[in-house]
**Student:** 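Let me give you the structure first, and then I'll get to my questions.
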Amino acid sequence: MESNAVLATLQPNYNILSPSRFYSSSASAAATTFLPVFYPQRPLFSPPQYLKLDKQVLASASCRYVHEVKSPFKNAAVLSDSYSSEASELADIEWDNLGFGLLPTDYMYMMKCSQGGNFSNGELQRFGNIELNPSAGVLNYGQGLFEGLKAYRKEDGNILLFRPEENALRMRQGAERMCMPAPTVDQFVEAVKETVLANKRWVPPPGKGSLYIRPLLMGSGAVLGLAPAPEYTFLIYVSPVGNYFKEGVAPINLIVEHELHRATPGGTGGVKTIGNYAAVLKAQSAAKAKGYSDVLYLDCVHKKYLEEVSSCNIFVVKGNVISTPAIKGTILPGITRKSIIDVARSQGFQVEERFVPVDELLDADEVFCTGTAVVVSPVGSITYKGKRVSYGVDGFGAVAQQLYSVLTRLQMGLIDDKMNWTVELS
């Protein structure tokens, strides 16, 4: 009772999404009572000692992954076995109606380091708001990167990650461009594993979607003059998702943008920095207001070569040849793009990475987009300078369908992974 009274005085006085919204049992209610998450009196990045989770339990890859919450209070309760068992079950949401929006889950992962230092001692924390100094580098100078990858549930209940080491490598390359330290590949992959296992009940059933994983790297330290931040935070949160485009797997309609540009030579278009995405919002919003799904950008020098869609790479199909813009520093090296190229070649297609003139869209057999969020999305039409070119309205073209089927079946563990691309968690 004394511990309950003490803990009750520490409840936050501002709104945080609580796991109690998703649990109904008395055990879960007790868990949320004894887990005050963030405190107005304390900065987020200095969490109370008793919020640190037992990593040995998480590393065991058991569905009973949360056994203990360390507490400075002598008689404070800990998470019970019943809570652990309940947490291993699927969350109570409408899996058939998943879109691509944030659903708050249970835990996020966080670690930090100083400029010139190394990341270490990361930990899981309850999902919730974070606290930043108004002068944080990410807020003032855009010193931030993010990644995106997915986890899929197999029929046997195990979880598959798709090429997480590729995301780790891309983040490290981006961090070097943005003057930021980054986690090692092993740190990144292990952090992803811990976060997914801690949120295992949010991984959709087979065929119902995926768990989208969002790692962030940001300059969290305060800096007033233009300079690298003195401190950096690596954070991972997750959310169950369905299809990215509202059309689902139906063909999307693109418009070519020839005035505004996504990236310039020598800039940051080839790394996954946060500023790349704010820069496309104006053209994307205008396109959506006219009924288009998204925008296809051209190079800013010649204004005639394809680059990419706002958040996807693009492919053009003609006969047995699949062409995609070459990576030259202004195009993001998509991991799904890279995977589709390998899959296509394994299926007997000729794949060309080169400058692709916009005129080639006029007589293409198919056009499709690739990305972590969309996987493979068929393009139904492209409008350029008022002229609309259609590629079909009934769904995937034959080539896009074939590549989509092979890649998604591999990602979900339905076929043998001869590429050694997946990482299985149990």
Side-chain angles (χ1 to χ4, degrees), residues 6-22 31-53 55 69-73 102-147 171 175 178-183 187-188 191-192 194-195 198-199 213-239 273-275 277-278:
V6 173
L7 285 165
T9 66
L10 295 177
Q11 296 302 315
N13 58 13
Y14 52 89
N15 184 37
I16 288 275
L17 285 168
S18 169
S20 61
R21 293 181 58 189
F22 309 110
T32 54
T33 300
F34 288 100
L35 276 174
V37 186
F38 302 113
Y39 303 88
Q41 299 90 345
R42 297 174 182 260
L44 172 71
F45 302 130
S46 299
Q49 180 67 26
Y50 65 98
L51 277 181
K52 296 180 180 179
L53 300 179
K55 292 191 178 65
V69 177
K70 299 177 182 179
S71 171
F73 302 110
L102 178 67
L103 283 175
T105 51
D106 297 329
Y107 294 98
M108 60 187 185
Y109 183 97
M110 190 176 294
M111 63 178 171
K112 64 177 183 176
C113 79
S114 59
Q115 172 68 17
N118 297 312
F119 280 95
S120 62
N121 301 322
E123 62 187 17
L124 287 163
Q125 299 180 11
R126 285 288 192 180
F127 178 88
N129 294 344
I130 65 173
E131 184 176 291
L132 287 172
N133 189 295
S135 193
V138 67
L139 298 179
N140 291 263
Y141 300 115
Q143 200 180 20
L145 297 165
F146 74 89
E147 281 296 325
M171 175 168 277
M178 302 297 290
C179 294
M180 305 168 73
Q187 285 177 321
F188 183 103
V192 168
E194 283 194 34
T195 310
N199 293 285
I213 306 160
R214 173 57 60 84
L216 296 167
L217 180 62
M218 54 188 167
S220 52
V223 56
L224 187 59
L226 179 58
E231 182 181 84
Y232 295 85
T233 297
F234 175 70
L235 184 152
I236 303 175
Y237 68 91
V238 299
S239 176
T273 182
I274 59 178
Y277 296 85

**Student:** Is there a donor-acceptor pair under 3.5 Å between the side chain of Q115 and the backbone N or O of G221?
**Tutor:**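 Side chain of Q115 to backbone of G221, a donor-acceptor pair under 3.5 Å: no, none is there.
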
**Student:** Taking the basic N atoms (NZ, or NE/NH1/NH2) and the acidic carboxylate oxygens, is any pair closer than 4.0 Å for E147 and R214?
**Tutor:**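 Between R214 and E147 there is no salt bridge, as every charged N stays at least 4.0 Å from the carboxylate O atoms.
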
**Student:** To the nearest 0.5 Å, how far apart are CE in M171 and CZ in F146?
**Tutor:**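 Those atoms lie 9.5 Å apart.
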
**Student:** Roughly how far, to the nearest 0.5 Å, is the OH atom of Y107 from the CD atom of E194?
**Tutor:**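 Answer for the CD-OH pair, E194 versus Y107, is 12.5 Å.
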
**Student:** Relative to the ring of F234, is the ring of F188 parallel (under 30°), tilted (30 to 60°) or perpendicular (over 60°)?
**Tutor:**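 Rings of F188 and F234: tilted, as their planes differ by 30° to 60°.
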
**Student:** Using 0.5 Å steps for rounding, measure from the SG atom of C179 to the OH atom of Y141.
**Tutor:**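 OH of Y141 is found 14.0 Å from SG of C179.
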
**Student:** Work out which heavy atom in G117 is nearest to a heavy atom in P181; give both atom names and the distance.
**Tutor:**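 G117 and P181 have their closest heavy atoms at O-CB, 4.0 Å.
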
**Student:** Test side-chain contact (heavy atoms from CB on, under 4.5 Å) on I213 and I236; report intermediate values, then the result.
**Tutor:** CA-CA 7 Å; I213 306 160; I236 303 175; 3.7 Å; yes

**Student:** On a heavy-atom basis, which atom in P230 and which in V223 lie closest, and how many Å separate them?
**Tutor:**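 Closest pair (atom of P230, atom of V223, distance): CD-CB, 4.2 Å.
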
**Student:** Checking T105 side chain against V238 main chain: does a donor-acceptor pair fall under 3.5 Å?
**Tutor:**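 Checking the backbone N and O of V238 against the side chain of T105, a donor-acceptor pair under 3.5 Å is found.
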
**Student:** Is a side-chain N or O of N199 found less than 3.5 angstrom from the main chain of M108, in a donor-acceptor match?
**Tutor:**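 Judged by distance alone, no pair lies under 3.5 Å.
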
**Student:** Going by the rule ring-ring contact (aromatic ring centres under 6.0 Å, His included), which residues pair with Y232 if we only count those two or more places apart in sequence or in a different chain?
**Tutor:**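 None.
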
**Student:** List the residues meeting side-chain contact (heavy atoms from CB on, under 4.5 Å) with A222, not counting sequence neighbours, and say none if there are none.
**Tutor:**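 By the side-chain contact (heavy atoms from CB on, under 4.5 Å) rule, A222 matches N133, S135.
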
**Student:** ring-ring contact (aromatic ring centres under 6.0 Å, His included) with Y237: which residues, sequence neighbours excluded?
**Tutor:**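 Listed in chain order: nothing, the list is empty.
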
**Student:** Among L139, V138, L235, L132, which residue satisfies the side-chain contact (heavy atoms from CB on, under 4.5 Å) criterion with S220?
**Tutor:**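 The side-chain contact (heavy atoms from CB on, under 4.5 Å) with S220 is passed solely by L132 among L139, V138, L235, L132.
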
**Student:** When rounded to the nearest 0.5 angstrom, what distance separates CG in N121 from CE in M111?
**Tutor:**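 The distance works out to 9.5 Å.
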
**Student:** Which heavy atom of A229 sits nearest to which heavy atom of G219, and what is that distance?
**Tutor:**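 Scanning both residues, the minimum pair turns out to be CB-CA, 3.8 Å.
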
**Student:** Check A175 against L145 and note the closest heavy-atom contact, atom names and distance.
**Tutor:**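 Shortest heavy-atom separation between A175 and L145 comes out as N-CD1, 3.2 Å.
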
**Student:** To the nearest 0.5 Å, what is the distance between CG (L216) and CD1 (I130)?
**Tutor:**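 L216 atom CG to I130 atom CD1 measures 7.5 Å (nearest 0.5 Å).
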
**Student:** Over all heavy atoms of both residues, which pair between F119 and A182 is shortest? Give the atoms and the distance, please.
**Tutor:**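 For F119 versus A182, the nearest heavy atoms are CD1-C, 3.6 Å.
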
**Student:** My understanding is that only residues two or more places apart in sequence, or in another chain, count here; which of them pass side-chain contact (heavy atoms from CB on, under 4.5 Å) with S114?
**Tutor:**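 If we apply the side-chain contact (heavy atoms from CB on, under 4.5 Å) test to S114, skipping adjacent residues, there are no hits.
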
**Student:** Closest approach of M178 and Q143, non-hydrogen atoms and distance?
**Tutor:**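 Closest approach of M178 to Q143: O-NE2, 3.0 Å.
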
**Student:** Within the distance-only criterion (no hydrogens, no angle test), does the side chain of T233 pair as donor or acceptor with the backbone N or O of K112 below 3.5 angstrom?
**Tutor:**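 Looks like no, no N/O pair under 3.5 Å.
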
**Student:** Which residues pass the side-chain contact (heavy atoms from CB on, under 4.5 Å) test with N118, sequence neighbours left out?
**Tutor:**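 None.
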
